[in-house]
Amino acid sequence: MIHVRLITAQNLGEKVERRVAGEILADGAKLRMNPEHVLPADLQVLSLRTGEPLTPDADAEEWVRSLQGSLRGVGMAVEVVQDTNPLPTVADDEPDFELSDQAATRAELAW
């Protein structure tokens, strides 16, 4: 399950006003948008997990998760309210080992 808010910002001189443009909730294959047409229901995004094109019909939860990358350039931010299966963070992808001093030195010399 994932619940997000779509946020827009308007520059008002010295002040920036944030406004909630809508909310989206996906639970399994069920998708709810409020307002109903805040985004096109057939909007195709790139999956942040796989890099493959994705529509809400294919995987509603992953589609909502992947909106973050697709809406950046259109003046809308995605604020995650709740996510039961979040994307891994960079720290989660770091190796669980340390290079020996000798291996680290060789790696530095290779650069």
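Note that this is a predicted model, so its numbers are computed, not measured.
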Q) Mind checking who shares a hydrophobic cluster with Ile7, ILVMFWY linked at side-chain heavy-atom distances under 4.5 Å? A) Val20

Q. What closest approach, in Å, do Asp83 and Asn85 show between heavy atoms, and which atom pair accounts for it?
A. OD1-N, 3.0 Å

Q) Under 3.5 Å, is there a donor-acceptor pair between the side chain of Thr84 and the main chain of Met1? A) yes

Q) So, for Leu54 and Ser47, which heavy atoms are closest and what is the spacing to 0.1 Å? A) CD2-CB, 4.1 Å

**Q.** Neighbour count above 12 (heavy atom, 6.0 Å) for Arg49 CZ
**A.** yes

Q. Taking all atoms of both residues into account, what is the closest heavy-atom pair of Trp63 and Pro40, and its distance?
A. CZ2-O, 4.2 Å

For residues 31-39, which side-chain N or O atoms pair as donor and acceptor with protein atoms under 3.5 Å away, sequence neighbours left out?
none

Q: Using salt bridge (charged side-chain N to carboxylate O under 4.0 Å, His left out) as the criterion, list what pairs up with Glu61, not counting sequence neighbours.
A: Arg65

Q: Give the minimum heavy-atom separation between Gly28 and Ala60, together with the two atoms involved.
A: O-CB, 3.6 Å

Q.
Let me check something: do Val80 and Leu43 share a hydrophobic cluster, defined by ILVMFWY side-chain heavy atoms less than 4.5 Å apart, either directly or through other members?
A. yes

Q) Between atom CZ of Arg19 and atom CZ of Arg5, what is the distance when rounded to the nearest 0.5 Å? A) 14.0 Å

Q) Below 4.5 Å, heavy atoms only, C-beta onward: do Asp42 and Thr55 meet side chain to side chain? A) no

Q) Given the rule that I, L, V, M, F, W and Y join up when any side-chain heavy atoms are under 4.5 Å apart, are Leu25 and Val64 in one cluster? A) no

Q | Point-to-point distance, once rounded to the nearest 0.5 Å, from CD of Glu79 to NE2 of His3 | A | 9.0 Å

Q) Judged by atom type as modelled, is there a donor-acceptor pair below 3.5 Å linking the side chain of Ser66 to the main-chain atoms of Leu48? A) yes

